[in-house]
Number of protein chains: 2
Amino acid sequence: MDKEQEILAAALKLFVEFGFQGTPTSKIAKEAGVANGTLFHYFKTKEDLIVNLYNRIKTSLNDYLFLKQNEGDSLQTKMKKIYTASLEWGLAHRPEFYFIQQFHFSPHLAKVSPEDIEKQTKLHTRLLQDAIQTGVLKPLPMDLISSLLASHVYGVYQYLLKSNLTESQQAETIDNSFLLIWGMITK
Amino acid sequence: MDKEQEILAAALKLFVEFGFQGTPTSKIAKEAGVANGTLFHYFKTKEDLIVNLYNRIKTSLNDYLFLKQNEGDSLQTKMKKIYTASLEWGLAHRPEFYFIQQFHFSPHLAKVSPEDIEKQTKLHTRLLQDAIQTGVLKPLPMDLISSLLASHVYGVYQYLLKSNLTESQQAETIDNSFLLIWGMITK
DNA sequence: GTCTATATCTCGATAGAC
DNA sequence: GTCTATCGAGATATAGAC
């Protein structure tokens, strides 16, 4: 791993544990095994580092979700795959998943460019628009469905974190909870 | 409003806008119209102020929800009332609602005492236990239902914030969305 | 309780050698 | 690109008069 990656990895670890406030750049550099000045070679400011980290994590999640999509699948299958993949990624990347939420409730969110936001929501938006086209969904505002889907995923995620289930029990819970939300938004 | 309240109100406003990191105690004191030293008379440390603010807000929300409960109501009505009241409170207290989330994704969360946490979840837990007793709910783990309920409220809240609805449209959305979640968790 | 003044410290960021 | 050394700003918290 090169120095830049080391810095990002160290920053993620410390931000999740101590928050943005509680993590000085000096500690990040130390944890990453680089000099203080090196951090500021790669990132102009601390905020620059934070926003960069966020965008990379979101891109990584997005790429994973995109990878799981299959052109030939039915719409329900596509939605189930993106649903399942989101939870699986979250479970396999807990610090990253936590960081995303942490970032969303911070003033740094305002520093993400509109283009980056658009990139990160495109896949979901597209899928949902298609679903509405088919007429399989209840006649609800798209923003509401979108919001309900996202929060449902988050609710299941929180449950999975707390309860110590085996992998197969986890998979079963994910399957069942998809049916719950699918039943809720379809006619 | 006495000085302590002024400090808490100023802290809330600034934390929501600039985050914990971005809000020095000096600015809080200034915004509250008190001297720097006065802040530290009421709160030993900055963290003490943050955690205090959180507990007061949670207590205030809890009191409001409790107030809306009625012993004679049916279980579905009780749940609908607590659901509706949560959203109404959130809409009427946006900075407070945001602050709660912000706090939850910060290291300060670990500083809340178990007793305080228990107090803050008791009403919900009790209601859900009763609901399970009656057999009206699907046979799902209580923690899962609890988590789904909370996140559903949050999802609807996010939608209500984004969409500019009239008060009656808001009320209608809340009614409808309760039916959605109720249909999802009941047999 | 409230204020002013300030001590002490740490942080983010830079300069400049290598 | 990476390091060491350091500056200047601004942070939390305290001391002590009123």
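Below, read A as the first sequence line, B as the second, and so on, with proteins coming before strands; counting in each chain starts at 1. What's counted below: heavy atoms across the whole structure, side chains too, no hydrogens, waters or symmetry copies.
Salt bridge annotation for B:Lys111-B:Asp48: absent, with no cationic side-chain nitrogen under 4.0 angstrom from a carboxylate oxygen.
Between A:Asn36 and A:Gln21, the one whose closest nucleotide on DNA chain D sits nearer the 5' end is A:Asn36.
If you look at B:Tyr54 and B:His108, their ring centroids are not closer than 6.0 Å.
Between the side chains of A:Gln120 and A:Asn55, a donor-acceptor pair is found at a separation under 3.5 Å.
Separating the CZ atom of A:Phe20 from the C1' atom of C:dG12 is a distance of 16 Å, rounded to the nearest angstrom.
For DNA chain D, the contact window with chain B, defined by any atom under 4.0 Å from a protein heavy atom, covers D:dA11 to D:dT14 in 5' to 3' order.
Ring geometry for A:Phe103 versus A:Phe20: interplanar angle over 60°, hence perpendicular rather than tilted (30 to 60°).
Two residues are said to be in side-chain contact when any heavy atoms from C-beta on lie closer than 4.5 Å; A:Ile174 and A:Tyr83 meet this criterion. The shortest side-chain heavy-atom distance between B:Lys27 and B:Leu14 falls under the 4.5 Å cut-off. Using a 4.5 Å heavy-atom threshold, the side chains of B:Leu180 and A:Lys138 count as touching.
Within a heavy-atom distance below 4.0 Å of DNA chain C, the residues of residues 38-55 of chain B found are B:Thr38, B:His41, B:Tyr42.
Cluster membership check: A:Leu75 does not share its hydrophobic cluster with A:Leu65, using side-chain heavy-atom separations under 4.5 Å among Ile, Leu, Val, Met, Phe, Trp and Tyr.
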